Amino acid sequence: MQNDKLGNWKRTHRCGEPTAVLIGQEICVMGWVQRRRDHGGLIFIDLRDREGIVQLALDPDRDVTSHRKAEQVRTEYVIAARGRVSARPQGTVNPRMKTGEVEIEVTELRILNRSETPPFMIDEYTEVAENIRLKYRYLDLRRPALQRNLMMRHLVARTVRTYLDGQGFIEVETPVLTKSTPEGARDYLVPSRVNVGNFYALPQSPQLFKQLLMVSGFDRYFQIVKCFRDEDLRADRQPEFTQIDCEMSFVNRDDVIATMEGLIAAIFKEAIGLEVQLPMERLTYAEALRRFGVDNPDLRFALELVDLTALVADSQFKVFAEVAAAGGLVKAINVKGGADFSRKDLDGFTDFVKIYGAKGLAWVKVTEEGWQSPIAKFFTAAELIRLNQELSSEVGDLLLFVADTAGITNEALGRLRGHLGQRLGLASKDDYRFVWVTDFPLLEWDAEAKRHVAVHHPFTSPLEEDIPLLDSDPGKARAQAYDLVLNGSEVGGGSVRIHDPSVQSRLFELLGIGEEEAQLKFGFLLDALSYGAPPHGGIAFGLDRLMMILTAADSIRDVIAFPKTQKATCMLSDAPNAVDEKQLQELGIRLRKKQE
RNA sequence: GGGGCUGUAGUAGAGUCGGUUACAACGCCGGCCUGUCACGCCGGAGGUCGCGGGUUCAAGUCCCGUCAGCCCCGCCA
């Protein structure tokens, strides 16, 4: 059957638009058939586009041709309709629809294209398995949830451009085909045909280029830019993701933070109408770890970690005493009113902390009769009093202890804290708690590689007062680095950079990057820094993670139009795929047999 | 590299202790219906129980392997 031609028809309104103010007007709408309700005589069609749904009414008494055509119409057909907007008869108004007061009395209908029956319904009710959704992504994207998310993403991108433009930032594009550098994530490599045997790398971030732009005098730069990291995926991690990347000259940490708080406030105002209180809270890295165990704490609830190491160091409970003697940490959280958790729940919490390397979880139920706990018998009455004091414990509370190395205790108990906050409903999705985490360590020791690695990146400036530590005790040096954390999620991070080539060389040295290698890999940066580099610093926000929070999405895939699966494949296009031998030959590449 | 969850008509599910022809819903197809709106009523079609192997008289169900999707650890300057 032949489709109708569009001809010279012009769409006058989107489907979500017609309301009572248009009553009496002749309009033309185009879209997809959400549903057809055929009453034998009268036919109703719900017509959908990205702005909403409007009801078409086809009456054989008004126009036989269009009514007959409407009988052939099926779900997801693309049609165009002309007619008069009219008030619905009394008692037939649909208050749940924006357009529910009116309908279009169709006088002419055109079927612009037919559609196969879709594999799933294009509505907000039907739940569909992720693999089916991804295979038919173009259909999933028709559904209201993803339409909403991507339209909000556009709104956010627009707000970013408007705000930063207003602050004197200039949008500059940087190369996608760039140079592989040591440090950091695995690079995606792109072979060069013109230079057989050599490879480009896709950028993990435009870090070096934006610093060069500061040397070039652009003063304030930004870019909404794709970044690539060849690492394993998570619910909030994709191999290609988008950063709001910014860099500023002649600024210190507080200047960057103040400017960026304005950006975040503008985004939240525009996207969800939220007034963000400024200035935002701040925590040092050390305090975040001490109180919450992690560097990305969710501040929507308390449940803080209490350090009991000194208190239990001399106790009869060997597990605690030995950890204390070995320089580890014994910490606990008090789950208020948690004493009614079942044994099964407690076993579940124990399994949970084991994921993060803890050997176990000690629990105490505080009852009228005192501690109900496998470890109660190890403590003297005096110790129990002090423990209860430190933990502010009351009858009905549940105390949970982890004893291990500092790293494991903090991580395990901190993650358990987050888990419990979610489970106990302490973390409301309507609550937005921003916090800047500052004063990160500059370096951390990589036991496997037996060298220091940069916590942030190798271009991060130490705190000025900590520069002497680079020679005496580099592991203690703190960085002028900062993360923005929102509800337990790291949404952005940045630093003031090194603008002095001698300090930069010293850093490479500490990272075990020899002078020759530094010249080879980063020579262009060192050269640039030697030609009058201004003091500069910047930040990058993860746009995808911001969008997850703004849309309350559980998965990063719900804020990206065409995301990849956990195995980094695209179910729609079937990428990545094998290529012709001829293509490989041109690139000088031969594939090795898989090692068994 | 490792741990876990899931896989049954187009979709999302039920399927008991291994036992007759694998259920009902939504969708789809046909018919009826002039005020419905996740319309209604009647009828119908639709299945490689992810795939392979094994145990058994008999496997959707039990065992082994494998594939895919998802969640997590490692990894992610």
Side-chain angles (χ1 to χ4, degrees), chain A residues 34-47 53-62 67 74-76 86 88-97 99-100 103 105 116-136 139-140 181-187 203-205 207-208 227-239 241 351-358 411-412 415 419 440 442-444 446 448-449 452-460 479 481 490 493 495 507 511 513 522 540 542 554-555 557 564-567 569 571:
Chain A
Q34 180 68 33
R35 208 173 290 276
R36 185 184 63 121
R37 291 180 294 281
D38 186 344
H39 290 251
L42 208 55
I43 294 175
F44 296 105
I45 291 174
D46 289 342
L47 193 67
I53 289 175
V54 68
Q55 174 165 287
L56 309 180
L58 293 110
D59 189 333
D61 299 339
R62 186 165 43 244
H67 181 268
R74 294 293 179 270
T75 302
E76 298 309 312
S86 72
R88 293 194 190 182
Q90 245 193 341
T92 65
V93 166
N94 185 343
R96 281 173 304 166
M97 289 174 74
T99 62
E103 63 192 9
E105 291 179 343
E116 298 292 328
T117 301
F120 51 84
M121 279 187 284
I122 312 300
D123 61 27
E124 55 201 298
Y125 314 104
T126 310
E127 285 196 29
V128 186
E130 191 90 22
N131 53 340
I132 306 286
R133 291 176 55 196
L134 290 171
K135 182 172 175 191
Y136 298 97
L139 296 181
D140 197 23
T181 53
E183 306 288 303
R186 284 187 199 91
D187 286 322
Q204 297 176 28
S205 84
Q207 183 60 36
L208 294 170
C227 302
F228 306 87
R229 294 178 190 175
D230 186 4
E231 298 293 348
D232 287 345
L233 289 81
R234 288 286 188 283
D236 62 352
R237 268 169 31 193
Q238 283 269 307
F241 61 99
D351 290 341
F352 185 89
V353 295
K354 282 182 178 168
I355 295 172
Y356 301 95
E411 170 95 6
R415 296 291 165 210
H419 177 71
F440 278 79
L442 185 67
L443 303 167
E444 70 186 337
D446 183 335
E448 206 176 309
H452 283 106
V453 294
V455 168
H456 185 54
H457 59 52
F459 320 107
T460 302
E490 182 202 324
S495 63
L507 243 294
L511 294 169
I513 302 173
F522 302 111
D554 291 324
S555 166
R557 293 181 299 280
K564 304 232 171 348
T565 67
Q566 192 159 58
K567 281 189 71 184
T569 65
M571 297 203 77

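Letters A, B, ... are given to chains in the order of the sequence lines, protein chains preceding strands, and every chain is numbered from 1. Computed over heavy atoms, backbone and side chain alike; hydrogens, waters and symmetry mates excluded. Computed from a predicted structure; not experimentally measured.
Lacking a ring centre under 5.5 Å from that of the base six-membered ring together with a plane angle below 30°, A/F120 does not count as stacked on B/G10. A stacking contact between A/H39 and B/U36 is absent: the pair does not combine a ring-centre distance of less than 5.5 Å to the base's six-membered ring with planes differing by less than 30°. In this structure, A/F44 forms an aromatic stack with the base of B/U36, since both conditions hold: centre separation below 5.5 Å and plane angle below 30°.
B/G52 and B/C57 have their P atoms separated by 23 Å, with the value rounded to a whole Å. As rounded to the nearest Å, B/A25 and B/A9 have C1' atoms that lie 12 Å from one another. B/C63 and B/U55 are spaced 16 Å apart, taking the P atom of each and rounding to whole Å. On the P atoms, B/C17 is 47 Å away from B/U36, given to the nearest whole Å. Between the C1' atoms of B/C33 and B/C71, the separation comes to 49 Å (whole Å).
A 3.5 Å limit on both hydrogen-bonding distances identifies B/G50 as the Watson-Crick or G-U partner of B/U66. Pairing of B/U56, defined by two Watson-Crick or G-U wobble distances under 3.5 Å, is not identified with any nucleotide. Across all strands shown, nothing is found opposite B/A14 as a Watson-Crick or G-U wobble partner with both distances under 3.5 Å. Nucleotide B/A24 forms no Watson-Crick or G-U wobble pair with any nucleotide shown, as no partner meets the under 3.5 Å limit on both distances. Shown here, B/U36 forms no base pair; nothing in the strands shown gives a Watson-Crick or G-U wobble contact with both key distances under 3.5 Å.
Nearest-nucleotide mapping onto RNA chain B: of A/E127 and A/R96, the residue sitting toward the 5' end is A/E127. Positionally, the nearest nucleotide of RNA chain B for A/T126 lies more toward the 5' end than for the other of A/R35 and A/T126.
In this model, a side-chain donor or acceptor of A/D232 finds a partner on the base of B/G74 within 3.5 Å. Between the base of B/C75 and the side chain of A/R237 there is a donor-acceptor pair shorter than 3.5 Å. Not a single donor-acceptor contact under 3.5 angstrom links the side-chain atoms of A/R36 to the base of B/C37. The base of B/G69 is not paired with the side chain of A/R557 by any donor and acceptor separated by under 3.5 Å. Between the side chain of A/R229 and the base of B/C76, no donor-acceptor pair under 3.5 Å is found.
Nucleotide B/G10 holds its C1' atom 16 Å from the CZ atom of A/R74, rounded to whole Å. Atom CZ in A/F228 sits roughly 24 Å away from atom P in B/C75 (whole-Å rounding). Atom CZ of A/R133 and atom P of B/U6 are 20 Å apart (whole Å). Protein atom CD of A/Q566 is 12 Å distant from nucleotide atom C1' of B/G4, rounded to whole Å. Residue A/I53 contributes atom CD1, which lies 10 Å from atom C1' of B/A38 at whole-angstrom precision. Distance, A/D46 CG to B/U36 C1': 9 Å, rounded to whole Å. Taking atom CG of A/L233 as the reference point, atom P of B/C71 lies 9 Å away to the nearest angstrom. Rounded to whole Å, atom P of B/C71 lies 15 Å from atom CD1 of A/I355.
Each of B/C26, B/G69, B/G10 was ranked by its minimum atom distance to the side chain of A/M571; first place goes to B/G69. Distances from the side chain of A/K567 to the nucleotides B/U34, B/C71, B/G69 place B/G69 closest. For A/N94, the side-chain atoms get nearest to B/A38 when compared with the rest of B/G35, B/A38, B/C28. Relative to the side chain of A/T117, the nucleotides B/C28, B/C72, B/G69 differ in distance, and B/C28 lies closest. Candidate nucleotides B/G69, B/G35, B/G30 were compared by shortest atom distance to the side chain of A/L134, and B/G69 ranks first. Side chain of A/R37, nearest nucleotide from B/C37, B/G69, B/C28: B/C37. When distances are taken from the side chain of A/A235 to each of B/G35, B/C71, B/A12, the shortest belongs to B/C71. Counting only heavy atoms from C-beta on, A/E103 has its side chain closest to B/U36 among B/G69, B/U36, B/G74. For A/M121, taking side-chain heavy atoms from C-beta onward, the closest of the listed nucleotides B/C37, B/C26, B/C72 is B/C26. Candidate nucleotides B/G69, B/C73, B/U34 were compared by shortest atom distance to the side chain of A/P60, and B/U34 ranks first.
The minimum heavy-atom distance linking A/L442 with A/T460 is given by the pair CD1-O, 3.5 Å. The two residues A/R237 and A/D232 have their closest heavy-atom pair at NH2-O, 2.6 Å. When all heavy atoms of A/R36 and A/I43 are compared, the pair lying nearest together is CG-CG2, 3.8 Å. Shortest non-hydrogen contact noted between A/L58 and A/H67 is O-CD2, 3.4 Å. Nearest heavy atom pair, residue A/D123 against residue A/Y125, reads OD1-N, 3.0 Å.
Contact annotation: A/T92 side-chain N/O to B/U36 OP1/OP2 distance is not under 4.0 Å. Taking side-chain N and O atoms only, A/Y356 has a distance below 4.0 Å to OP1 or OP2 of B/C73. Of the side-chain N and O atoms in A/T99, none sit less than 4.0 angstrom from OP1 or OP2 of B/C37. Contact annotation: A/Q55 side-chain N/O to B/U36 OP1/OP2 distance is not under 4.0 Å.
Counting non-hydrogen atoms under 4.0 angstrom, A/T460 reaches nothing in the nucleic acid. Nucleic acid contact class of A/P458 (heavy atoms, under 4.0 Å, all strands): base. Across all strands shown, A/F459 has no heavy atoms under 4.0 Å from either base or sugar-phosphate atoms. Nucleic acid contact class of A/D230 (heavy atoms, under 4.0 Å, all strands): none. Across all strands shown, A/V128 has heavy atoms under 4.0 Å from sugar-phosphate atoms exclusively, and none from any base. In this structure, A/E124 reaches neither bases nor backbone, as no heavy-atom distance under 4.0 Å exists between it and the strands shown.
With contacts defined as side-chain heavy-atom distances shorter than 4.5 Å, the pair A/E183/A/I513 qualifies.
Looking at A/Q204, its side chain does come within 3.5 Å of a backbone N or O of A/A185 through a donor-acceptor pair. Side chain of A/Q238 to main chain of A/R557: no donor-acceptor pair is present (N/O by atom type, distance under 3.5 Å, no hydrogens or angles).
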Any chance you could lay out the side chain to side chain contact (heavy atoms under 4.5 Å, CB included) test for A/F44 and A/L42, step after step, and finish with the verdict?
CA-CA 7 Å; A/F44 296 105; A/L42 208 55; 3.5 Å; yes
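Salt-bridge annotation for A/D140 and A/R133: present, with a side-chain N of the basic residue lying under 4.0 Å from a carboxylate O of the acidic one.
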